Amino acid sequence: MATEGDISPREAEVLELLGAHFSNAEIAAQLFISVRTVESHVSSLLRKLGVPDRRALALRAAVDRPRREPVPLPAPLTSFIGRARERGELSGMVTAHRQVTAVGPGGVGKTRLALAVAAELAGRYTDGVWFVDLIPVTDPGMIATAVAGALGLGEQPGRDLTESVVAALADRHALLVLDNCEHVVDGVALLLERLLAACPRMTVLATSQARLMVPFERVYPVPPLSLAVDGESDAVALFVERAAAAGLPLDPALRGRIASICERLDGMALAIELAAARCPTLGLDGITSALSHPLRMLTGGSRTDERHRSVRAVLDWSHALLEPADQELLHQVSIFVAPFTASAAAEVTGATMDVVTDGLARLAEQSLLTVTASPRGTSYRALEAIRQYGTERLSQAGELAGARARHLRWCFTQAVDLAAAGPDWRARFDAVADDLRAALTWAAGEPERRTDAHDLARHLAELTFTRHLIGESQQRYEQAAALADEPAATASMFRKAADVAGCRTRGDDMYRLRRAAADAARRAGDTARAAVDLAAAATAAYRFSSTFVRIPPEEEAVALVSEARELAGDDPAAEAAVALAEAGVLSDAFGAVQGPADNAVPETLARAERAVELARRIGDPLAESAALDALTAAHAWAGDTFACAATAGRRVTLLSSMADRPETPGGVHELIDGLGMAVQTSLGVGNLADARRWGRQLADDPALAEVGHRATCWLLVADALAGNADDVLSGSTRFLDAWRRAGSPAKAALGPAADAVAMIHSFRGDHDSEREWQEVLDRLGEPSERTYGYGALYDAMRMLHHGQAGEAMERMAPEPGEVWKWVTWIWLHWYVAIRAEATVLAGSPASRGRLADARTITVGNPVAGTIVERAGSLLDQDRERLLATADVFEAAGCRYQAARTMVLAGGEHAARGAAALADLGLGPMTVSVSPW
């Protein structure tokens, strides 16, 4: 067992973050290291601490190391005064109920009270307190994005961010503070209904000017500060403290006058702080006089909320103290919803930098702007109440539309500039993203700004895709489609949205959006592009059928192909798209769920080859890649495993030649799919080196950084078949963590990886872990491929490892032709090789016949062919020939089979084989009957 001294400082940091329930991607971001390095540290910790899995590491971290707050609460820059009664009452409500809303007008002190209560209660929550400021959120649909940002979550293909948030908090015992909900009440209510239903140990404390109106809500009205002169007065105490901080300590004898001022301010915390800050320049007399000025005591017109009038009175008063130029500047910069720089303010206001810089400094001195200094420069931000006040002033002056138009132009410039990526691109995008969204929300509601809104939506779609916010990217592309003036532009945006949906593994959306693009193209009079879109929709229904919730029936897809053929005419691109659809739908080149089990192989090959040729002629690498995917599958159905691998490799080479082009959703989707096919087909021909190379490239793809279950699945299979147990354990940690964070989706495509990990645990003799992975496998479903394909192979390999040759032979009883569709893809060579070896070891009289068939099928495969050769030497009792196969396995990178060979050789060789298995991290192998 490892001691403190055995664990490196970096491993200690990783362990601490594991205890705080951070994912590998989050740990990598926290420590500025790669996800692969985190995986290595986790694997090392598993060995050093002698624990079986990541869950045990997290428990060990919680016991051995101090708990680390997941997200520090915002640190108040000034002391919190009084509120003892309110703190006690609100703390009691939060302790007793799962969702409490602190309600009150702007400026009453809701946020400060909520932070004080959260800090007091933090120790009661195992996973601490999470704080989310909703001020920058202008679109109710983006609330989950804000919460995900606080939790350190990114987009996960196949799920929206609300699902990601719910999955991340499902087992957390924590307090979530949602601040400033009043402008997105409906969106917050929807999120909380899902969150609290799915996360039984979560508590939510919200602050809002209006209650959320959900049935489980407990409302706490935040009162003004107490005003009693005799005894304790929180309002007076706050005024005195803030005045002293501003440089004017007040005589206790003045408490009566101070109380009078506070009473006129209705005990509003923000108003009191602003007034107290002016004491050094105005004194109590000046403040009292200013409060009586009619312009500073506006009641808010027709507003009926008395408390809101009090906040407005304070803001009017503070505003009146400014010079006209500073008033105008405050109005203009109120258009920003996120922190802004002086240069941004200069662009939006049209003033010179020196004038803006001086004006911003004066506004900051008046506490109307907060200032934040960072390595990237100084930024300013108006508190929300002040920002709203400024925009209302603009509206009253008839200047709001003009200010929003200038802000829109600034946002558009930022979006265009961001298209040129740089080392600080992510930070630059994050700094302006909320303003881009706000500008788009405004422009989309202004008919005369429709074109601008379309252009900004398109840019935001591209930017969010690059930022890996692919759920929002799809939403923005669809928004751009709805805002387009021309049907051709609408069709283009729907196509991009469909490509993004592909990256998200949302087959239903791909299908819907491609059909919508076809409708728009027809309206534009572009029948050829409409044909392409209809063909693409039909192809997606078969090529990506495993990503659909509702798989389109065969007759529907066939009808789309027929319609596309009628519209295609002699357009080359349309002809190529229709040819691919015919190969996929009519011949089922992709082996879809809804396709026939008895593909007509010659017809399938012919159709796929025609699709490739037509796509090559039009010079579209993405179209050619899709056609090569169909040809790859067609070769598999034909049983030509080597042609299958060669075609998949040709596809990856084609896509890699596009590396110097900007990443597009279609290109990213094709590359991810192409790499996955390259791994699988390389495994099929026993090329473990290429399989691991492509698998590593897929695992390291930045587009899959947040979805480790998708990124690592085929690398896990390659490492398991090679016997690289340490790599499997390391990768499986990332896989399992990401899969659980994604909500444990029942994706049958993940089955080969989960079953491969279970097999390695079986080899290691760790049956508890094996059972855990079998439970994961059961959650993924029971497809035919598991029953007859990879499942049969893995089960037989387990059985042979444990000396159960008869059971292995029975598990693989079906002839390959009986289950051809489930073994031809990757597993054919492995299936017939392991089947032949099981037959020999079981002493079956059918051994020689099966060996002969297996030799014919596996010739040229360095792993499967050598397994067959080893089985033949066992049958012939030729130990020298048997030992020679060990070197072939080593050269092929299959160390497990090399070690297995030594154990099967018996005698002194068996001890060397057992030692080799131990070096691989695997348990001993059993030979039930010695062939010698």
Side-chain angles (χ1 to χ4, degrees), residues 454 457-458 461 473-504 506-545 547-586 589-590 592 594 607 611 614-615 618 620 622-627 629-630 664-667 669-670:
H454 164 77
R458 175 172 53 83
S473 178
Q474 180 182 330
Q475 173 193 344
R476 298 304 179 190
Y477 274 123
E478 293 195 49
Q479 185 178 17
L483 290 166
D485 291 324
E486 300 294 333
T490 298
S492 175
M493 293 300 97
F494 276 137
R495 290 180 196 112
K496 293 287 183 65
D499 288 339
V500 178
C503 295
R504 301 177 68 206
R506 294 290 184 96
D508 303 79
D509 282 352
M510 291 178 68
Y511 186 75
R512 169 181 62 84
L513 291 164
R514 276 293 187 171
R515 296 193 67 173
D519 290 341
R522 269 190 290 230
R523 291 197 303 273
D526 191 346
T527 56
R529 289 309 302 265
V532 171
D533 291 322
L534 289 172
T539 300
Y542 278 67
R543 186 182 177 195
F544 304 111
S545 61
T547 69
F548 278 72
V549 175
R550 177 256 181 198
I551 299 176
E554 179 182 2
E555 58 272 17
E556 186 174 309
V558 171
L560 289 180
V561 176
S562 298
E563 188 177 358
R565 191 185 300 115
E566 292 175 4
L567 295 173
D570 58 359
D571 182 85
E575 288 181 336
V578 170
L580 177 59
E582 290 175 340
V585 177
L586 305 184
F590 300 107
Q594 70 273 37
R607 287 189 184 276
L614 291 176
I618 64 175
D620 182 347
L622 297 184
E624 187 176 352
S625 171
D629 190 26
T664 63
H669 185 211
E670 276 296 323

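From a predicted model like this one, the values you see are computed outputs, not experimental measurements.
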Do any side-chain atoms of residues 570-578 form donor-acceptor pairs under 3.5 angstrom with protein atoms, and if so which ones, sequence neighbours left out?
| from | atom 1 | to | atom 2 | distance (Å) |
| --- | --- | --- | --- | --- |
| Asp571 | OD2 | Ala573 | N | 3.1 |
| Asp571 | OD2 | Ala574 | N | 2.9 |

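- Taking 4.5 Å as the limit, every side-chain heavy atom of His454 sits out of range of all side-chain heavy atoms of Asp485.
- Of all heavy-atom pairs spanning Ala627 and Ala615, the tightest one is CB-CB, 4.3 Å.
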From CA spacing to verdict: side-chain contact (heavy atoms from CB on, under 4.5 Å), Lys496, Arg458: CA-CA 10 Å; Lys496 293 287 183 65; Arg458 175 172 53 83; over 6 Å; no

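- In terms of heavy atoms, Ala579 sits closest to Leu614 at CB-CD1, 3.7 Å.
- Nearest heavy atom pair, residue Ala589 against residue Ala630, reads CB-O, 3.9 Å.
- With contacts defined as side-chain heavy-atom distances shorter than 4.5 Å, the pair Thr547/Arg504 does not qualify.
- Between Glu624 and Asp620 there is no side-chain heavy-atom pair separated by less than 4.5 Å.
- Of all the heavy atoms in Leu622 and Gly666, the pair that sits closest is CD1-C, 4.0 Å.
- Between Leu483 and Ala457, the shortest heavy-atom distance links the atoms CD1-CB, 4.4 Å.
- At a cut-off of 3.5 Å, with distance as the only test, a side-chain donor of Glu478 or Gln474 sits close to an acceptor on the other residue.
- Formation of a donor-acceptor pair under 3.5 Å by the Ser562 side chain with backbone atoms of Val558 is found in this model.
- Residue pairs meeting the side-chain hydrogen bond (donor to acceptor under 3.5 Å, both in side chains) criterion with at least one partner in residues 524-536, sequence neighbours excluded, are Arg495-Asp533, Arg514-Asp533.
- Arg607 CZ to Leu580 CG: the interatomic distance, rounded to the nearest 0.5 Å, is 11.5 Å.
- By the salt bridge (charged side-chain N to carboxylate O under 4.0 Å, His left out) test, Glu670 pairs with Arg543, Arg651, sequence neighbours left out.
- Within the model, atoms CZ of Phe548 and CE of Met510 stand 7.0 Å from one another, a figure rounded to the nearest 0.5 Å.
- For the salt bridge (charged side-chain N to carboxylate O under 4.0 Å, His left out) test, residues two or more places apart in sequence or in another chain that qualify with Asp509 are Arg512.
- Annotation: salt bridge (charged side-chain N to carboxylate O under 4.0 Å, His left out) contacts of Arg522 (sequence neighbours excluded): Asp519, Glu563.
- Leu567 is listed as a side-chain neighbour of Leu534, based on a closest heavy-atom distance under 4.5 Å.
- Ala592 meets the side chain to side chain contact (heavy atoms under 4.5 Å, CB included) test with Tyr542, Ser545, Asp588, Gln594; sequence neighbours excluded.
- With sequence neighbours left out, Glu556 forms a side chain to side chain contact (heavy atoms under 4.5 Å, CB included) with Tyr511, Arg515, Arg550, Pro552, Pro553.
- Not counting sequence neighbours, the partners of Ala461 by the side chain to side chain contact (heavy atoms under 4.5 Å, CB included) test are Ser473, Arg476, Tyr477.
- A search for ring pair (Phe, Tyr, Trp, His ring centres under 6.0 Å) contacts involving Phe544 returns His669, not counting sequence neighbours.
- Nearest approach of Ala535 to Ala581, heavy atoms of both residues: O-CB, 3.7 Å.
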